[in-house]
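Structure first, commentary second.
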Number of protein chains: 2
Amino acid sequence: MGDVAARAGVAKTTLYRRWASKNELVVDAVAALFDEHLELPDRGSLQADIEGVVLRFAALLERPETKTALMAVVAESTRDDALRDRIRSAIVDRQKSLVLLGRERAQARGELPREDDPEVAARTADLIFDVIAGAVVHRTLVSAESVDEEWARTFAGVLVGGLGSATGARTPDGLNSSPSGV
Amino acid sequence: MGDVAARAGVAKTTLYRRWASKNELVVDAVAALFDEHLELPDRGSLQADIEGVVLRFAALLERPETKTALMAVVAESTRDDALRDRIRSAIVDRQKSLVLLGRERAQARGELPREDDPEVAARTADLIFDVIAGAVVHRTLVSAESVDEEWARTFAGVLVGGLGSATGARTPDGLNSSPSGV
DNA sequence: GCAGTTACGCTACGGCTCGTAGCGTAAGAG
DNA sequence: CTCTTACGCTACGAGCCGTAGCGTAACTGC
């Protein structure tokens, strides 16, 4: 934090006059990075849109400062509810709009059916968000392997296929079996 | 750490005679929890197997100590390569065997085709692992919503559907469209 | 030009936690 | 009965977050 103040050319006390704690500053910094680097250009298909955002997100996470800062505040948010809420409103909820946009486009293209029940729609959007963000974060940070175009393509293929085939979410446990291999 | 020593009824110095640092101790503790609580009983179908392990994993992660400890070391591993390797060998690689077991069972049931190319098989297993672990972690820690049976069912449905439909990983970008809604 | 408010810089410090040094002591090996 | 091994204990150094207190510059309104 002394370092941050030094690099900003201000005194440490000034930082604490603008942010109540280090964590809040880091959350705002990470949120700004996310807002700046994440977007969802229309690449013509749901699969391509997912590939694009996955690669953008991975590129952001592979920067050492980004991943260190993000994981530090997420880790602390497990024992600080106020921090968790701040992360949600400043980062998570904002980026969730990308999922809504992507679904809207896919529905306009006819790639995904429209869902009338708004609660089901919201739950599905949350699921998609958790799957995309979780998978990319896990791969880059825990598995520590790079997210390249091939991985993005395979991942997007699985997700698109899964969304197309099984989401009505009735009770049965096996409406599976299909072509092409694992 | 003084607390850990106190609760263990030993002196703090004794802890440092067995573990070189706090992080190593935490990694070993989390690894033991994972080994103890994660297993993959045969529930009759790939979908049900995934649901089961997702619920087990989520139950483990919802315990405050588990998630705090896990995320703390993962966060620090972003700036400590030795710690990252220790996490990989003590936790990640061990639990990855669950994916291999689940796939083996699914192949024996005929739910998934066998894959001859071992490299493709390994990459797919890694992908499945990242998707399952990442999605559950992201939902419980970032989205901060509970993983209940309904979520597990929907998630497993999407994953099974995705694995069944699109994984040969050719170039095309749209072999989707199907029944049941998003 | 002048008082009053606002915001900043700076030093010093308290508090917390990780990790270590040094020494005394109990238990098992031969 | 010695020797080794492992443990307990106190004290301490180091690093970082966050704050107190005070001096100082700039900007406002008249």
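Sequence lines set the chain letters: A, B, ... in the order given, protein chains first and strands last, and positions in each chain run from 1. Just so we're clear, the structure is a prediction, and the values are computed from it rather than from any experiment.
For A:T13, no side-chain nitrogen or oxygen approaches OP1 or OP2 of C:dG9 to under 4.0 Å. Applying the 4.0 Å criterion to OP1 and OP2 of D:dG8, one finds that B:T14 has a side-chain N or O inside that range.
Results of the salt bridge (charged side-chain N to carboxylate O under 4.0 Å, His left out) test with A:D126 over A:K96, A:R88, A:R103 single out A:K96 as the only residue that passes.
For residues 105-131 of chain B, every residue pair satisfying the ring pair (Phe, Tyr, Trp, His ring centres under 6.0 Å) rule, not counting sequence neighbours, is listed here: A:H138-B:F129.
Classification of B:E104 and B:R114 as a salt-bridged pair holds, one side-chain N sitting under 4.0 Å from a carboxylate O.
When the side chain to side chain donor-acceptor pair (under 3.5 Å) test is applied to A:R84, no partner is found at least two apart in sequence or on another chain. In terms of the ring-ring contact (aromatic ring centres under 6.0 Å, His included) criterion, residue partners of B:F34 (sequence neighbours excluded) are, by chain and number, B:F57. Annotation: salt bridge (charged side-chain N to carboxylate O under 4.0 Å, His left out) contacts of A:D49 (sequence neighbours excluded): A:R105, A:R109.
Rounded to an integer number of Å, the gap from B:L15 CG to D:dC9 P is 12 Å. Straight-line distance from the CG atom of B:L25 to the P atom of C:dT17: 16 Å, rounded to whole Å.
Of all heavy-atom pairs spanning B:V26 and B:V73, the tightest one is CG1-CG1, 3.4 Å.
Hydrophobic clustering places A:L40 together with A:L61 (ILVMFWY residues linked when any side-chain heavy atoms are closer than 4.5 Å, directly or through intermediates).
The base of D:dG8 does not come close enough to the side chain of B:K12 for any donor and acceptor atom to sit less than 3.5 Å apart.
When the C1' atoms of four end pairs are superposed on the next four at each end of the helix from C:dG1-D:dC30 to C:dG30-D:dC1, using five pairs per end, the two resulting axes differ in direction by 10°, to 10°.
Of the residues in residues 16-24 of chain B, those with a non-hydrogen atom less than 4.0 angstrom from any atom of DNA chain C are B:Y16, B:S21, B:K22.
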